[in-house]
Number of protein chains: 2
Amino acid sequence: MSDDPIRPSDGELAILRVLWDRGPSTVRDVHAALSEGRDIGYTTVLKLMQIMVDKGLATRDESARSHVYRAAQAEAPTQACLLRDLLDKAFEGSAASLVLRALSETPADPAELEAIQATLDRLRKERR
Amino acid sequence: MSDDPIRPSDGELAILRVLWDRGPSTVRDVHAALSEGRDIGYTTVLKLMQIMVDKGLATRDESARSHVYRAAQAEAPTQACLLRDLLDKAFEGSAASLVLRALSETPADPAELEAIQATLDRLRKERR
DNA sequence: AAAAAAGTACGAACCAGTTCGTTGACAAAT
DNA sequence: ATTTGTCAACGAACTGGTTCGTACTTTTTT
């Protein structure tokens, strides 16, 4: 039952981002979105999306001629999965040191700091 | 002059971790360390470390018969580099959302939370 | 009806990273 | 002196991911 999220490759992640953003989309849609940022062929995107269905990263509705693809897993658990991977590979599994690194290496915006503070407070409460 | 850290691959990162941990080491040392965790051939490690020298991820002292390798970049900037990469690929560049995800998805230990709180306070002060 | 456009499927090439066997140099042990 | 062990170097195979050309099918346009 425990359906662990599958870790997407870079290309797959780029496509997932579009699907999360736009919702169910055709290859054409996704290709258009990705083309904004870089040169990429239509069939490249198509192939990638087909592979994603095979892997279980996406599902598709084939009832229309233009198949409609959906992300098979939500953004949050996917991010968590990628984060855990980096955690294990580069931070000896310590989330705190990852967070510290992230905080001290990136310019922080006050509103964001507040959001983090709120989460921190919440976690402290839950601890008791 | 700004010598941006090079992003290591997974295998390279595993080796860097050993070098950061143990300090300057021979291939034999690194191989021994990695063998603790998983099966890996000696020449595999050797080859990887040679490649790392080519790429500038490591340096080596060839004066002795057993060459001695050193990490060419420190741990912190390398972590920052990997973090930035993930940030761009999976969090639309928002460090805050990465931090939030990391905090809410991993069991937090009170001491770690305090460390994070301290950094947060420091950042807030610097803001002014 | 024919031509053009839009779509899927699929194989092939290619790239980076990983893995390891083999070779040859040198050193240590017998 | 010979054998045995340790080391670096290198090439080759393999893997996962990416990219795209080509072929084929179904619509849409003319």
* Heavy-atom distance under 4.5 Å between the side chains of B:Ile51 and B:Lys47, does that happen here? -> yes
* **Close side-chain approach of A:Ser94 to B:Glu112, heavy-atom, < 4.5 Å** =>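 Yes, close enough: below the 4.5 Å cut-off.
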Value in whole Å for how far the [atom2] atom of [N] lies from [atom1] of [X]:
X       : N      : atom1 : atom2 : answer
B:Ile51 : D:dC10 : CD1   : P     : 12 Å
B:Asp29 : D:dT6  : CG    : P     : 14 Å
A:Leu16 : D:dG17 : CG    : P     : 13 Å
A:Leu57 : D:dG17 : CG    : C1'   : 13 Å
B:Asp54 : C:dA16 : CG    : C1'   : 14 Å
A:Met52 : D:dT18 : CE    : P     : 10 Å
A:Asp10 : D:dG16 : CG    : C1'   : 12 Å
B:Ile6  : C:dG17 : CD1   : C1'   : 16 Å

* Under 4.0 angstrom, heavy atoms only, what part of the nucleic acid is A:Arg7 near: base, sugar-phosphate, or nothing? -> nothing
* Quick one: which residue pairs count as a salt bridge (Lys or Arg N to Asp or Glu O under 4.0 Å) with a foot in residues 75-88 of chain B, not counting sequence neighbours? => B:Arg7-B:Asp85, B:Arg84-B:Asp88, B:Asp85-B:Lys89
Can you give me the closest heavy-atom contact between [X] and [Y], atom names plus distance?
X        : Y        : result
B:Ala95  : B:Leu87  : CA-CD1, 3.7 Å
B:Ala14  : B:Leu34  : O-CD2, 4.0 Å
A:Leu100 : B:Ala115 : CD2-O, 3.9 Å
B:Gln73  : B:Trp20  : O-NE1, 3.0 Å
B:Ala102 : B:Thr106 : O-OG1, 2.9 Å

* Does B:Thr44 make a side-chain N or O approach to OP1 or OP2 of C:dT18 shorter than 4.0 Å? -> no
* C:dT18 OP1/OP2 closer than 4.0 Å to side-chain N/O of B:Ser9 ->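 The answer is yes; a side-chain N or O of B:Ser9 sits under 4.0 Å from OP1 or OP2.
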* Atom CZ of B:Arg60 and atom NE2 of B:His67: how far apart are they, to the nearest 0.5 Å? -> 5.5 Å
N/O-N/O pairs, protein side and nucleotides 6-13 of chain C side, under 3.5 Å:
from	atom 1	to	atom 2	distance (Å)
C:dA6	N3	A:Arg65	NH2	2.6
C:dG7	OP2	A:Arg28	NE	2.2
C:dG7	OP2	A:Arg28	NH2	3.2
C:dT8	OP1	A:His67	N	3.2
C:dT8	OP2	A:Tyr42	OH	2.6
C:dA9	OP2	A:Gln50	NE2	2.9
C:dA9	OP2	A:Arg60	NH1	3.0
C:dG11	N7	A:Lys47	NZ	3.1
C:dG11	O6	A:Lys47	NZ	3.1

* If we fit an axis to the first five pairs and another to the last five of the helix from C:dA1-D:dT30 to C:dT30-D:dA1, what angle do they make, to the nearest 10°? ->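 Inter-axis angle at the ends, rounded: 10°.
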